[in-house]
Amino acid sequence: MRIGTILQAKDTARRDVVTITPDAGVRELIALLAEHNIGALVVSVDGSRVDGIVSERDVVRHLHHDGTVIHNTVAAIMTAAVETCAPDDDLDEVMTTMTTRRFRHVPVLDGTTLVGIVSIGDVVKHKIGQLQFERDQLDSYVHQQ
Ligand code: AMP
């Protein structure tokens, strides 16, 4: 299964990637995470190039160490070295990366342009659908006998 297929299967409202600029405030970041009910935002100066990623875990971790980080910018808490994938990449490989590197979001790039994001939730949803399909196939095979 290709990553592009997963993106196409997402609700249209969920297909747009919510981005934030590095100079935005941490308060604005928290507001966007809550408003969109999501766990991470891609950090981008122009809304297309990926300059970083910032997740709710970054907020919690930094707040735990220093409460004043709430007054800081996104750049201070984001991860700059982002693991990305392409629409043609294989889902299982991306899933392995998410598991071994312990992150739940991977931005999808077409060349250098941001075209989507795959979350662990998208992956699990797809895997459950696949298991249900296989179960139904086996069930109808058994009951045909
Ligand atoms: P998450 O599991 O997405 O909440 O992220 C956990 C940690 O990994 C946070 O520090 C994120 O900034 C970082 N992170 C999330 N996604 C990626 C990614 N695709 N590439 C690099 N770091 C990431």
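Every number for a ligand or one of its atoms is a count from 1 in the order of the listing.
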Under 3.5 Å, side-chain donor or acceptor atoms of residues 75-88 against the rest of the protein: list the pairs with distances, not counting sequence neighbours.
| unit_1 | atom_1 | unit_2 | atom_2 | d |
| --- | --- | --- | --- | --- |
| Glu83 | OE1 | Arg101 | NH1 | 2.8 |

Table please: side-chain donor-acceptor pairs of residues 55-65 below 3.5 Å, with sequence neighbours left out.
| unit_1 | atom_1 | unit_2 | atom_2 | d |
| --- | --- | --- | --- | --- |
| Ser55 | OG | Arg57 | N | 3.1 |
| Asp58 | OD2 | Ser55 | N | 2.8 |
| His62 | ND1 | Asp58 | O | 2.9 |

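Under a 3.5 Å cut-off, the side chain of His143 and the backbone N or O of Asp139 do form a donor-acceptor pair.
Not a single side chain to side chain donor-acceptor pair (under 3.5 Å) links Glu93 to another residue, sequence neighbours left out.
A salt bridge links Lys10 to Asp122: at least one charged side-chain nitrogen sits closer than 4.0 Å to a carboxylate oxygen.
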Would you tabulate the polar-atom pairs, meaning N/O of ligand 1 against N/O of the protein, with distances under 3.5 Å, reported to 0.1 Å?
| unit_1 | atom_1 | unit_2 | atom_2 | d |
| --- | --- | --- | --- | --- |
| ligand 1 | 2 (O) | Arg104 | N | 2.8 |
| ligand 1 | 2 (O) | Arg104 | NE | 2.9 |
| ligand 1 | 3 (O) | Arg104 | N | 3.2 |
| ligand 1 | 3 (O) | His105 | ND1 | 2.6 |
| ligand 1 | 4 (O) | Ser55 | OG | 2.7 |
| ligand 1 | 4 (O) | Arg104 | NE | 3.3 |
| ligand 1 | 4 (O) | Arg104 | NH2 | 2.7 |
| ligand 1 | 5 (O) | Ser55 | OG | 3.4 |
| ligand 1 | 10 (O) | Asp58 | OD1 | 2.5 |
| ligand 1 | 12 (O) | Asp58 | OD1 | 3.4 |
| ligand 1 | 12 (O) | Asp58 | OD2 | 2.6 |
| ligand 1 | 12 (O) | Thr79 | OG1 | 2.7 |
| ligand 1 | 16 (N) | His105 | O | 3.1 |
| ligand 1 | 19 (N) | Glu83 | O | 2.9 |
| ligand 1 | 19 (N) | His105 | O | 2.8 |
| ligand 1 | 20 (N) | Glu83 | N | 2.8 |

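Between Thr21 and Asp23, the side chains place a donor N or O and an acceptor N or O closer than 3.5 Å (distance only, hydrogens not considered).
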